[in-house]
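The analysis underlying the following values was restricted to heavy atoms, covering all of them including side chains, and did not include hydrogens, waters or symmetry mates.
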Amino acid sequence: MAGVMYLGNQMVSPAIIQGGEENPLFPIKDGVITKDVSNGINAVGVKEIGDSGLYSAFSVYDYSSSEADLGHYVTGTVSFPDLEKIGNLGMKSTFYGQYNIKKVELPKLKEIGLRGLAGAFNSDSVLEELEINLDSLENIGSYGLRGAFSHRSLNYLLFPSLKAENFTNESDDQFSGMLSYVSNCTVYFRSDMQQVIGSWSVVTSGLYGTNTTVIFWIPTKIKVNLAQENAVILANDKVFNNVIFGVGETVKYVVTDDSLNKNYLGTESGCVEDGQERAVSVDLNSLSYNKITVTTGVTRKTDVSASWEGIELPLVDEGSGVYSIYVNETVGEKIIFSIRKATNHGAGNLTITTSGSNIDETINVHIYTKFTRPNLTSNGEIGGSSFAVTATNNEADAYKAVDSSTSTYWEGPSMSEYLIYNPNPLCIYAFTIRYTTSSYKPTYISVKIGDGDWVSYSAPSSGSTLILIDREDSSSFNRDVAKEYRLRFEGRTTRVTDIAFMANEDLNDN
Amino acid sequence: MIIKTTYIGTLNGVHGIWCGFKPDSAFITKEAPILYPDPEKKLRKKGEEELLDFVVLKNDDTQDNYEEVEEQKDAE
């Protein structure tokens with residue numbers, strides 16, 4: 001029965017999916033799924049889902065293992081572009097467990113009934129991102145969104161149209177369970193909602209979510225009409241279907257395309273409230289652009305970024321540590337170039353103000369050089385002009401852990417400290433420490449970089465080598481430089497035959 | 001169960017509520033301690049029947065006045 005499947009425990013009557021029952025795009029008719037939904041659903045024409053209309057309709061609970069292969073796992077976008085009302089239980093658990101749904105478009109939905117979307121997009125414990133458009137939603141019935149997004153990674157929920165007069169009593173439970181099993185979600189309400197719900201305990205406790213942020217904002221709306229199909233809008237505010245929902249009265253945005261040489265810096269001020277929408281048009285091909293070039297010496301593009309008003313701009317890699325961006329001809333806009341520190345270079349920032357002309361600048365960052373540890377024949381002088389070591393115990397033997405031999409060793413009791421010094425700051429991003437035998441290997445080693453905090457590492461359960469600080473191919477390797485590195489050995493008497501490390505040296509510091 | 005603080009105030013001129021954390025540059029006008037149950041559990045005030053998802057601790061109300069019970073899972 002490929003392509004056709006009966007629904008689960010609630011049969012759907014086509015009569016209550018008003019406006020959609022004859023629509024060939026809608027995949028349910030007479031209680032069966034009538035088409036492959038593996039590329040998403042676009043239910044054009046469906047204006048209302050009646051009571052229990054799509055109750056559990058696509059819930060994976062109702063799929064048998066053989067039916068799961070028939071293309072009924074919904075992937076991508078679920079869109080009901082014309083839907084205005086969901087009745088009581090209308091979409092309860094409709095997409096329960098369908099974790100491949102990434103986006104839900106309900107742009108005209110005004111009203112959700114009792115438990116109307118309860119559990120609708122609950123991913124059943126699979127943490128996948130979800131974005132939902134509820135731009136027109138004015139009213140929510142009791143438990144209307146209860147568990148609707150459970151276990152989802154939901155970055156934000158935007159309610160630009162909820163009407164304060166529809167929220168008069170907290171005991172109506174309109175937000176009950178809304179963010180159950182959702183963490184770090186930001187929920188935006190219109191500023192006039194604050195007077196009504198701002199003190200409700202369900203709101204101050206986080207709408208049932210964990211680490212929830214609630215923002216009451218002025219629902220500025222800017223519709224940006226794009227002349228090019230490949231143009232996209234970048235903004236710190238929320239963007240749905242080329243409409244920017246701004247926080248505050250001024251909206252900053254960038255229109256760009258995949259050519260990398262066209263960026264329009266847009267500003268709309270004094271925007272209106274109450275759902276009115278201002279339209280602007282941007283034709284990237286009609287504009288002139290200036291090229292802003294910076295020379296950095298940093299060859300890894302991911303260490304370099306450029307932004308305007310907090311919006312990251314696409315960067316062109318010109319090679320040899322030279323980067324550029326293109327912005328429309330404008331005067332007085334501040335572009336910030338940032339270089340994050342890495343194992344082989346320091347950090348840097350430069351703010352360039354647009355002048356209406358091309359600009360060339362240089363960002364001075366410290367570029368490090370590879371450091372090779374010398375083999376010592378004595379400890380040397382801490383604070384002196386060359387590499388040196390010392391220790392809190394058996395101080396005179398400290399250099400034996402950094403000499404040319406692996407048969408000599410430095411011994412320290414439990415809780416002993418060893419200090420490495422170099423006159424030029426070092427970025428050590430990996431240690432390999434060898435011991436005489438595993439019997440003289442510590443249980444823990446802590447590392448202190450310069451004036452930083454001690455960071456403790458467990459010794460490996462076997463072998464005599466211990467690598468401290470993640471290696472360079474890790475995302476968390478050390479990027480700090482310091483003249484002094486302290487190692488603290490804990491747990492038992494330690495005999496260190498060799499302390500090798502991978503490091504770069506900042507020769508520009510002195 | 002765990003108590004987390006909710007911070008109420010403004011950030012960059014926008015009114016906000018931050019549950020369980022405080023943004024560095026926010027101007028906070030009010031703080032509220034909230035008692036939450038552990039995952040899969042609910043709260044119940046000792047000697048009472050009603051199950052609770054959270055409690056805003058006010059006045060002399062403390063964590064000691066509550067106990068945790070297992071949550072009944074449903075399809076939502």
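- When the shell of 6.0 Å around CG of A:D453 is examined, it contains 12 or fewer heavy atoms from other residues, nucleotides or ligands.
- A:S201 and B:V56 get closest at one heavy-atom pair: CB-CG2, 3.5 Å.
- Applying the 6.0 Å contact sphere to CZ of B:F27 captures no more than 12 heavy atoms from other residues, nucleotides or ligands.
- Between the OH atom of B:Y7 and the OG1 atom of A:T213 there is a distance of 12.5 Å, given to the nearest 0.5 Å.
- Open room surrounds CD on A:Q195; 12 or fewer heavy atoms of other groups in view lie less than 6.0 Å from it.
- Looking at A:F189, neither its backbone nor its side chain comes within 4.5 Å of chain B, counting heavy atoms on both sides.
- For the atom pair OG1 of A:T210 and NZ of B:K4, the computed distance is 5.0 Å after rounding to the nearest 0.5 Å.
- A distance-only check finds a donor-acceptor pair linking the side chain of B:T6 to the backbone of A:T204 [under 3.5 Å].
- Interface remark: B:Y36 contributes side-chain atoms only to the contact with chain A (heavy atom separation under 4.5 Å).
- If you measure heavy-atom distances from B:K30 to chain A, you find no contacts under 4.5 Å at all.
- With a 6.0 Å radius and a threshold of 12 heavy atoms from other residues, nucleotides or ligands, B:K58 has its NZ atom at or below the threshold.
- Atom OG of A:S205 sits about 9.5 Å away from atom CD1 of B:I17, to the nearest 0.5 Å.
- The minimum heavy-atom distance linking B:W18 with A:I215 is given by the pair CZ2-CD1, 4.3 Å.
- Neither the backbone nor the side chain of A:V187 comes within contact range of chain B, judged by heavy atoms closer than 4.5 Å.
- Counting heavy-atom pairs closer than 4.5 Å to chain A, the top residue among B:V55, B:D53, B:I8 is B:D53.
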